[in-house]
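Below: the structure, in C-alpha coordinates.
Just so you know, these numbers come straight off a predicted model, no measurement behind them. In what follows, every chain begins at residue 1, and chains take the letters A, B, ... in the order their sequences are listed.
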Amino acid sequence: MFTFESQGRCLTVAEARDWQQAMARQIVCCDDVGDVYTVAGVDVGFEEKGSVTRAAVAVLDFPTMRLVDFAIAQLPTCMPYIPGLLSFREAPAVLTALQQLTVQPDLLLCDGQGRAHPRRFGVACHVGLLSGIPAIGVAKQRLCGEHDALPVEKDSLVALMDGQETIGSVLRSRTGVKPLYVSIGHRISLTSAVHFVQDSLAGYKLPEPIRWADGLASSRGKIVEKASRILERSI
DNA sequence: GCGACAG
DNA sequence: ATCTTGTCGC
(Lines give C-alpha, C1' and ligand atoms only; values in the text may rest on other atoms or scores of the structure.)
Protein backbone atom coordinates (compact mmCIF):
# COMPACT_ATOMS: atom_id res chain seq x y z
CA MET A 1 0.00 0.00 0.00
CA PHE A 2 1.53 3.27 -1.18
CA THR A 3 1.11 6.35 1.04
CA PHE A 4 2.28 9.94 0.73
CA GLU A 5 2.43 13.17 2.73
CA SER A 6 -0.32 15.72 2.10
CA GLN A 7 -1.31 18.69 4.27
CA GLY A 8 0.72 17.24 7.12
CA ARG A 9 -0.98 13.86 6.95
CA CYS A 10 -0.26 10.52 5.32
CA LEU A 11 -2.78 9.41 2.71
CA THR A 12 -3.24 6.19 0.79
CA VAL A 13 -4.13 6.37 -2.89
CA ALA A 14 -7.68 5.31 -2.06
CA GLU A 15 -8.01 8.05 0.58
CA ALA A 16 -6.68 10.63 -1.84
CA ARG A 17 -9.29 9.63 -4.41
CA ASP A 18 -12.06 9.85 -1.81
CA TRP A 19 -10.82 13.30 -0.82
CA GLN A 20 -10.95 14.47 -4.45
CA GLN A 21 -14.50 13.23 -4.80
CA ALA A 22 -15.53 15.11 -1.64
CA MET A 23 -13.72 18.32 -2.58
CA ALA A 24 -15.16 18.32 -6.10
CA ARG A 25 -18.55 19.10 -4.58
CA GLN A 26 -17.21 22.42 -3.32
CA ILE A 27 -16.16 23.63 -6.75
CA VAL A 28 -18.11 26.65 -7.98
CA CYS A 29 -18.81 26.11 -11.66
CA CYS A 30 -20.53 29.43 -12.44
CA ASP A 31 -18.94 32.83 -12.94
CA ASP A 32 -17.72 34.46 -9.72
CA VAL A 33 -14.78 36.31 -11.18
CA GLY A 34 -15.21 40.08 -11.06
CA ASP A 35 -13.05 42.42 -13.12
CA VAL A 36 -9.92 40.74 -14.39
CA TYR A 37 -6.84 42.96 -14.46
CA THR A 38 -4.23 40.24 -14.00
CA VAL A 39 -4.03 36.61 -15.17
CA ALA A 40 -1.43 34.18 -13.87
CA GLY A 41 0.07 31.17 -15.60
CA VAL A 42 0.91 28.20 -13.37
CA ASP A 43 3.30 25.38 -14.22
CA VAL A 44 5.59 22.88 -12.52
CA GLY A 45 8.94 21.40 -13.46
CA PHE A 46 11.34 18.98 -11.79
CA GLU A 47 15.03 19.23 -10.94
CA GLU A 48 17.68 16.95 -9.49
CA LYS A 49 16.36 13.86 -11.27
CA GLY A 50 12.86 14.61 -10.01
CA SER A 51 13.71 14.92 -6.33
CA VAL A 52 12.92 18.65 -6.36
CA THR A 53 9.58 20.09 -7.46
CA ARG A 54 9.79 23.58 -8.90
CA ALA A 55 6.58 25.58 -9.28
CA ALA A 56 6.39 28.83 -11.22
CA VAL A 57 3.63 31.43 -11.31
CA ALA A 58 3.81 34.26 -13.84
CA VAL A 59 1.39 37.17 -13.40
CA LEU A 60 0.51 39.11 -16.55
CA ASP A 61 -1.52 42.26 -17.01
CA PHE A 62 -4.82 41.54 -18.76
CA PRO A 63 -5.42 41.93 -21.61
CA THR A 64 -2.07 43.46 -22.57
CA MET A 65 -0.23 40.27 -21.54
CA ARG A 66 2.69 42.18 -20.05
CA LEU A 67 4.58 40.40 -17.27
CA VAL A 68 4.04 42.22 -13.97
CA ASP A 69 5.23 39.67 -11.37
CA PHE A 70 6.43 36.10 -10.92
CA ALA A 71 7.42 33.67 -8.19
CA ILE A 72 9.24 30.34 -8.04
CA ALA A 73 9.03 27.80 -5.20
CA GLN A 74 11.20 24.70 -4.87
CA LEU A 75 10.06 21.91 -2.54
CA PRO A 76 11.21 18.34 -2.11
CA THR A 77 9.08 16.09 -4.34
CA CYS A 78 6.49 14.37 -2.12
CA MET A 79 5.23 11.57 -4.35
CA PRO A 80 5.59 10.04 -7.83
CA TYR A 81 3.32 10.85 -10.75
CA ILE A 82 0.10 8.86 -10.61
CA PRO A 83 -2.51 9.54 -13.33
CA GLY A 84 -5.47 11.21 -11.63
CA LEU A 85 -3.46 12.29 -8.57
CA LEU A 86 -1.21 14.81 -10.27
CA SER A 87 -2.39 17.68 -8.08
CA PHE A 88 -1.14 16.07 -4.87
CA ARG A 89 2.31 16.09 -6.40
CA GLU A 90 2.20 19.66 -7.72
CA ALA A 91 -0.19 21.72 -5.57
CA PRO A 92 2.05 22.18 -2.49
CA ALA A 93 4.76 23.93 -4.52
CA VAL A 94 2.21 25.92 -6.51
CA LEU A 95 0.43 27.20 -3.39
CA THR A 96 3.78 28.16 -1.90
CA ALA A 97 4.72 30.14 -5.00
CA LEU A 98 1.33 31.90 -4.98
CA GLN A 99 1.99 33.13 -1.44
CA GLN A 100 5.29 34.63 -2.57
CA LEU A 101 3.66 36.93 -5.11
CA THR A 102 3.57 40.69 -4.67
CA VAL A 103 0.81 41.19 -7.23
CA GLN A 104 -2.23 39.01 -6.56
CA PRO A 105 -3.73 37.49 -9.75
CA ASP A 106 -7.46 37.77 -10.48
CA LEU A 107 -7.46 34.50 -12.45
CA LEU A 108 -5.28 31.40 -12.75
CA LEU A 109 -4.50 29.45 -15.92
CA CYS A 110 -3.15 26.10 -14.75
CA ASP A 111 -1.16 23.70 -16.92
CA GLY A 112 -3.28 20.55 -16.59
CA GLN A 113 -6.91 19.50 -16.30
CA GLY A 114 -9.56 21.12 -14.15
CA ARG A 115 -12.98 19.49 -14.18
CA ALA A 116 -11.97 17.19 -17.08
CA HIS A 117 -10.83 14.59 -14.58
CA PRO A 118 -12.16 11.14 -13.55
CA ARG A 119 -13.45 12.56 -10.25
CA ARG A 120 -13.87 16.12 -11.56
CA PHE A 121 -10.97 17.42 -9.50
CA GLY A 122 -7.88 18.06 -11.59
CA VAL A 123 -5.00 20.31 -10.54
CA ALA A 124 -6.82 23.50 -11.58
CA CYS A 125 -9.69 22.65 -9.20
CA HIS A 126 -7.27 21.72 -6.42
CA VAL A 127 -5.26 24.94 -6.72
CA GLY A 128 -8.32 27.10 -7.33
CA LEU A 129 -10.24 25.79 -4.33
CA LEU A 130 -7.33 25.88 -1.87
CA SER A 131 -6.20 29.35 -2.96
CA GLY A 132 -9.70 30.74 -3.40
CA ILE A 133 -8.71 32.26 -6.73
CA PRO A 134 -10.82 31.67 -9.88
CA ALA A 135 -8.99 29.06 -11.97
CA ILE A 136 -9.03 27.40 -15.38
CA GLY A 137 -7.41 24.14 -16.46
CA VAL A 138 -5.48 24.21 -19.75
CA ALA A 139 -4.05 20.81 -20.69
CA LYS A 140 -2.00 19.82 -23.72
CA GLN A 141 -3.24 16.24 -23.59
CA ARG A 142 -6.48 14.48 -22.74
CA LEU A 143 -6.91 12.60 -19.49
CA CYS A 144 -10.49 11.41 -19.92
CA GLY A 145 -13.60 12.09 -21.96
CA GLU A 146 -14.28 11.86 -25.70
CA HIS A 147 -15.00 14.40 -28.40
CA ASP A 148 -15.92 14.75 -32.06
CA ALA A 149 -13.36 15.46 -34.74
CA LEU A 150 -12.01 19.01 -34.50
CA PRO A 151 -11.50 21.15 -37.64
CA VAL A 152 -7.86 22.12 -38.21
CA GLU A 153 -8.64 25.84 -38.25
CA LYS A 154 -7.79 28.10 -35.32
CA ASP A 155 -10.69 28.74 -32.90
CA SER A 156 -12.42 25.45 -33.73
CA LEU A 157 -14.20 24.23 -30.62
CA VAL A 158 -15.94 20.99 -29.61
CA ALA A 159 -17.26 19.70 -26.31
CA LEU A 160 -15.30 17.18 -24.25
CA MET A 161 -17.84 14.66 -23.01
CA ASP A 162 -17.85 11.92 -20.40
CA GLY A 163 -21.04 10.10 -21.23
CA GLN A 164 -23.78 12.74 -21.22
CA GLU A 165 -21.78 15.15 -19.11
CA THR A 166 -19.81 18.03 -20.60
CA ILE A 167 -16.53 18.15 -18.68
CA GLY A 168 -14.59 20.59 -20.84
CA SER A 169 -13.88 22.05 -24.28
CA VAL A 170 -11.35 21.08 -26.92
CA LEU A 171 -9.96 24.25 -28.48
CA ARG A 172 -7.71 24.65 -31.53
CA SER A 173 -5.63 27.61 -30.40
CA ARG A 174 -3.58 27.64 -33.62
CA THR A 175 -4.29 26.27 -37.07
CA GLY A 176 -2.84 22.84 -37.60
CA VAL A 177 -1.50 22.20 -34.10
CA LYS A 178 -2.71 19.80 -31.43
CA PRO A 179 -5.67 21.29 -29.49
CA LEU A 180 -5.91 22.51 -25.91
CA TYR A 181 -8.18 20.78 -23.40
CA VAL A 182 -9.89 23.57 -21.47
CA SER A 183 -11.97 22.93 -18.37
CA ILE A 184 -13.11 24.88 -15.35
CA GLY A 185 -11.01 24.94 -12.22
CA HIS A 186 -13.04 27.04 -9.78
CA ARG A 187 -15.41 30.05 -9.71
CA ILE A 188 -15.85 30.26 -13.49
CA SER A 189 -18.12 28.90 -16.21
CA LEU A 190 -16.79 26.80 -19.08
CA THR A 191 -17.89 29.43 -21.59
CA SER A 192 -15.97 32.17 -19.78
CA ALA A 193 -13.00 29.86 -19.34
CA VAL A 194 -12.71 29.34 -23.08
CA HIS A 195 -13.03 33.09 -23.68
CA PHE A 196 -10.27 33.92 -21.21
CA VAL A 197 -7.98 31.34 -22.77
CA GLN A 198 -8.62 32.78 -26.23
CA ASP A 199 -8.10 36.32 -24.94
CA SER A 200 -4.76 35.29 -23.43
CA LEU A 201 -3.32 33.88 -26.66
CA ALA A 202 -0.66 35.82 -28.51
CA GLY A 203 -0.15 33.85 -31.68
CA TYR A 204 1.10 30.68 -30.02
CA LYS A 205 -0.51 27.41 -29.10
CA LEU A 206 -0.31 28.14 -25.37
CA PRO A 207 -1.71 31.22 -23.59
CA GLU A 208 0.99 33.78 -22.73
CA PRO A 209 0.72 33.33 -18.94
CA ILE A 210 1.38 29.61 -19.30
CA ARG A 211 4.21 30.16 -21.76
CA TRP A 212 5.93 32.33 -19.17
CA ALA A 213 5.27 29.88 -16.37
CA ASP A 214 6.57 27.03 -18.54
CA GLY A 215 9.87 28.78 -19.09
CA LEU A 216 10.26 29.80 -15.45
CA ALA A 217 9.38 26.31 -14.19
CA SER A 218 11.87 24.49 -16.38
CA SER A 219 14.77 26.64 -15.15
CA ARG A 220 16.22 26.58 -18.66
CA GLY A 221 18.40 29.29 -20.13
CA LYS A 222 18.23 32.84 -18.89
CA ILE A 223 14.47 33.13 -18.63
CA VAL A 224 14.52 34.09 -14.96
CA GLU A 225 17.02 36.84 -15.71
CA LYS A 226 14.90 38.04 -18.60
CA ALA A 227 11.79 38.12 -16.42
CA SER A 228 13.68 39.98 -13.68
CA ARG A 229 14.86 42.61 -16.13
CA ILE A 230 11.33 43.16 -17.39
CA LEU A 231 10.06 43.67 -13.85
CA GLU A 232 12.69 46.17 -12.80
CA ARG A 233 12.09 48.05 -16.04
CA SER A 234 8.40 48.41 -15.18
CA ILE A 235 9.13 49.94 -11.79
C1' DG B 1 -7.59 -9.72 -18.40
C1' DC B 2 -6.66 -5.47 -21.68
C1' DG B 3 -6.03 -0.77 -22.78
C1' DA B 4 -5.79 4.21 -21.18
C1' DC B 5 -3.37 7.24 -18.45
C1' DA B 6 -2.83 15.55 -17.21
C1' DG B 7 2.46 16.45 -15.90
C1' DA C 1 7.79 15.84 -16.37
C1' DT C 2 12.85 14.79 -18.15
C1' DC C 3 17.00 13.24 -21.23
C1' DT C 4 18.50 16.24 -26.11
C1' DT C 5 20.43 18.59 -32.22
C1' DG C 6 19.16 19.27 -35.94
C1' DT C 7 15.60 19.72 -39.04
C1' DC C 8 11.18 19.99 -41.96
C1' DG C 9 7.52 23.26 -42.87
C1' DC C 10 4.32 27.41 -42.67
### Message
Tell me the interatomic distance from A:His117, atom NE2, to B:dC5, atom P, rounded to whole angstroms.
### Response
14 Å
### Message
Rounding to an integer number of Å, can you tell me how far A:Leu206 CG sits from B:dG7 P?
### Response
10 Å
### Query
Under 4.0 Å between a side-chain N or O of A:Lys140 and OP1 or OP2 of B:dA6?
no
### Summary
Stems in DNA chain B, runs of 3 or more consecutive Watson-Crick or G-U wobble pairs with both distances under 3.5 Å, sorted by first number, are none
### Atom pair distance, as rounded to whole Å: NE2 in A:His126 and P in B:dG7
17 Å
### Query
When the distance from OH of A:Tyr81 to P of B:dC5 is rounded to whole Å, what number comes out?
10 Å
### Task
Side chain of A:Arg142 only, please: which of B:dG7, B:dA6, B:dC5 is the nearest?
B:dC5
### Query
So what does A:Phe46 touch, heavy atoms closer than 4.0 Å: a base, only the sugar-phosphate, or nothing?
sugar-phosphate
### Query
Are A:Val52 and A:Phe88 in one and the same hydrophobic cluster, where Ile, Leu, Val, Met, Phe, Trp and Tyr link if side-chain heavy atoms are under 4.5 Å apart?
no
#### Entry: Whole angstrom value for the distance that separates P of B:dA4 from CG of A:Leu86
21 Å
### Message
Whole angstroms only, please: what is the CZ-C1' distance between A:Arg17 and B:dC5?
### Response
11 Å
### Task
Name the nucleic acid region contacted by A:Gly137, choosing base, sugar-phosphate or nothing; use a 4.0 angstrom heavy-atom cut-off, strictly under.
nothing
### Message
Applying a strict under-4.5 Å side-chain criterion to I, L, V, M, F, W and Y, I'd like to know whether A:Ile167 and A:Val194 cluster together.
### Response
no
### Message
Within the 4.0 Å heavy-atom criterion, would you say A:Leu85 contacts the bases, only the backbone, or no part of the nucleic acid?
### Response
base
### Task
Would you please confirm or rule out a distance under 4.0 Å between OP1 or OP2 of B:dG7 and any side-chain N or O of A:Arg89?
no
### Message
For B:dA6 and A:Tyr181 - does any side-chain N or O of the residue sit under 4.0 Å from the phosphate oxygens OP1/OP2?
### Response
no
### Interatomic distance, A:Asp214 CG vs B:dA6 C1' [rounded to whole Å]
13 Å
#### Entry: CD-CG distance between A:Gln141 and A:Leu143, expressed to the nearest 0.5 angstrom
10.5 Å
### Query
Is A:Gly45 touching bases, backbone alone, or none of the nucleic acid, heavy atoms closer than 4.0 Å?
sugar-phosphate
### Task
Assign A:Gln141 to base, sugar-phosphate, or nothing according to its heavy-atom contacts below 4.0 angstrom with the strands shown.
sugar-phosphate
#### Entry: Nearest-Å distance for atom pair CZ/C1', residues A:Arg220 and C:dT4
12 Å
### Query
Hey, are the side chains of A:Trp212 and A:Ile230 touching, using non-hydrogen atoms and a 4.5 Å cut-off?
yes
### Query
Judged by modelled atom types alone, do A:Thr77 and A:Ser51 share a side-chain donor-acceptor pair under 3.5 Å?
no
### Message
Ring-plane angle category for A:Phe121 and A:His126, please: parallel below 30°, perpendicular beyond 60°, tilted otherwise.
### Response
tilted
### Task
Would you check if A:Arg54 and A:Ile72 make a side-chain contact, meaning some heavy-atom pair closer than 4.5 Å?
yes
